[in-house]
2 protein chains.
Amino acid sequence: MALRHAVLAALLDGELSGYQLAKAFDVGVANFWYAQPQQLYAELTRLEREGLIAGREVVQESRPNKRLFQVTDAGLAELETFTAAATKPSFVRDDLLVKVQAADRVDTAALLTELTERAQMAQAKIDLFRSLLRRLRGDRTEEEFLRHGDRVGPYLTCLRGVAFEQENRDWCVRTIAVLEERRQLHARH
Amino acid sequence: MALRHAVLAALLDGELSGYQLAKAFDVGVANFWYAQPQQLYAELTRLEREGLIAGREVVQESRPNKRLFQVTDAGLAELETFTAAATKPSFVRDDLLVKVQAADRVDTAALLTELTERAQMAQAKIDLFRSLLRRLRGDRTEEEFLRHGDRVGPYLTCLRGVAFEQENRDWCVRTIAVLEERRQLHARH
DNA sequence: ACCAGCATGTAACCGGTTACATGATTGC
DNA sequence: GCAATCATGTAACCGGTTACATGCTGGT
């Protein structure tokens, strides 16, 4: 089980519903975890049954009722155990990189389109994460916030997200330039 | 099925045995895919059965015999189809980031150790990838190689690997500094 | 009228992980 | 003598993905 700790960590920010969590996990919760709604609802049910989170029904009028969840003491203890235990490093697994690996042996037209899209998606994420960072730190400087702010966890993971997506975007742009130049050279023969 | 294309792409460099592939995939083949030996042997069997790769037995004296595989025309066609089709973006999923997300609510001692280890592992990968890049480009400059070299795919993915691991290392170092400073502030109370 | 957003699930499937298994050679 | 490297697999499991399902409200 891997998602459970990501959910617990996400719920440290306060009470959230499954739907709200789903929105957060849809963009990857500041690029550190991605999950689909179905997975989350299932995981929330399990976590509640095990007493690691507590849910309460919130009745709404013009919308369907929802259940807000928060981490219990047992849940926090679980996170504590998890953080203390060693984990094996995670690896990148990206189809786009596989395609680039094969780029000099196959047609690159579609690949170039995809790389362009990826660069744009990366830029969109950068913008999103940057505004998130601004919201988190408020009117303090970054250094000030990281020293004395109360919830630096999300800020730090978000910084990683920004750096990752910048790298992503820059690499896409560079790769497009290289492949396009080689295409032209090849066309001229 | 996802691994199959990564294997096909890896085999574009020339004939390789399952064991050699396993070594490459163990470090993540320039950080674009990771897989275990068992997975590879199973996948190679499947790919050969489907005619996407062809294997030949190589008899060795002082070592167990091995089977070398190369991509067939059908395999190349499969790669072509794969590259032309759209893929959904991949997401980062890293336990270490989950831990950092929760860092201000749990004890960070073990986490700091792990971050240090990660920074070192990232540095080791950077060194590894850099030497790979040097080997690939030979005595040409990077620009020259990317313009006229014949196998730029591996070079480009390797560039991504270096950038990723640098980002990784820098973020670990930064995060350690932040968490450690907060620890001291908190200890003094 | 129709689509987007709110809100929550079930069930089947597949791919990746973990555990288990074997056996020879070379170097410390 | 022991560990590391070469070399190749099988089987059970689990977690993440895909497909399917429901129903109400508010805006264009």
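A, B, ... follow the sequence lines: proteins, then strands. Residue 1 opens every chain.
- As judged by a 4.0 angstrom heavy-atom cut-off over every strand, B:Arg4 is placed among residues making no nucleic acid contact.
- Heavy-atom distances to DNA chain C give each of A:Ala42 and A:Gln60 a nearest nucleotide, and the one nearer the 5′ end belongs to A:Gln60.
- Separation of atoms CG (B:Leu159) and OG1 (A:Thr175) is listed at 7.5 Å; rounding is to 0.5 Å.
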How far apart are the C-alpha atoms of B:Leu146 and A:Glu181, what are their side-chain angles, what is the distance that settles it, and do they pass the side chain to side chain contact (heavy atoms under 4.5 Å, CB included) test? CA-CA 9 Å; B:Leu146 286 175; A:Glu181 192 182 1; over 6 Å; no

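- Relative ring orientation between A:Tyr34 and B:Phe91 is described as parallel, the plane-to-plane angle staying below 30° on a 0-90° scale split at 30° and 60°.
- Using a 4.0 Å heavy-atom distance criterion, B:Arg93 is classed as a sugar-phosphate-only contact.
- In the set D:dG9, C:dA7, D:dG16, the nucleotide with an atom closest to the side chain of A:Tyr41 is C:dA7.
- At whole-Å resolution of the value, CG in B:Leu47 and P in D:dG9 are 13 Å apart.
- Taking the six-membered ring where the residue is Trp, B:Phe164 and A:Phe164 present perpendicular rings, their angle passing 60° and hence far from 30°.
- One finds a side-chain N or O of B:Gln39 lying less than 4.0 angstrom from the OP1 or OP2 phosphate oxygen of C:dG16.
- If you check the side chains of B:Glu144 and B:Thr141, you find no donor sitting under 3.5 Å from an acceptor.
- Of the candidate nucleotides D:dT8, C:dA19, C:dG16, C:dG16 has the atom lying nearest to any side-chain atom of B:Leu3.
- With D:dG16, C:dT8, D:dT18 as the candidates, the nucleotide lying closest to the side chain of A:Lys66 is C:dT8.
- Ion pairing between a basic and an acidic side chain is recognised when a charged N comes within 4.0 Å of a carboxylate O; B:Arg183 and B:Asp107 show such pairing.
- Using a 4.0 Å heavy-atom cutoff across all strands shown, A:Gln36 reaches at least one base atom of the nucleic acid.
- Under 4.0 Å is where a charged nitrogen must lie from a carboxylate oxygen, and between B:Glu165 and B:Arg169 no such pair does.
- If you find the closest nucleotide of DNA chain D to A:Arg46 and to B:Lys88, the one lying nearer the 5' end belongs to A:Arg46.
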Which nucleotides of nucleotides 21-28 of chain C have their base under 4.0 Å from a protein heavy atom (B), which only their sugar-phosphate (S), and which neither (-), written as one string 5' to 3'? --B-SS--

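- A:Arg49 has its CZ atom 13 Å from the P atom of C:dG9, to the nearest Å.
- In the set C:dT18, C:dG16, D:dC20, C:dT18 carries the atom at the smallest distance from any side-chain atom of B:Gln38.
- For B:Tyr19, taking side-chain heavy atoms from C-beta onward, the closest of the listed nucleotides D:dT5, C:dC6, D:dT10 is D:dT5.
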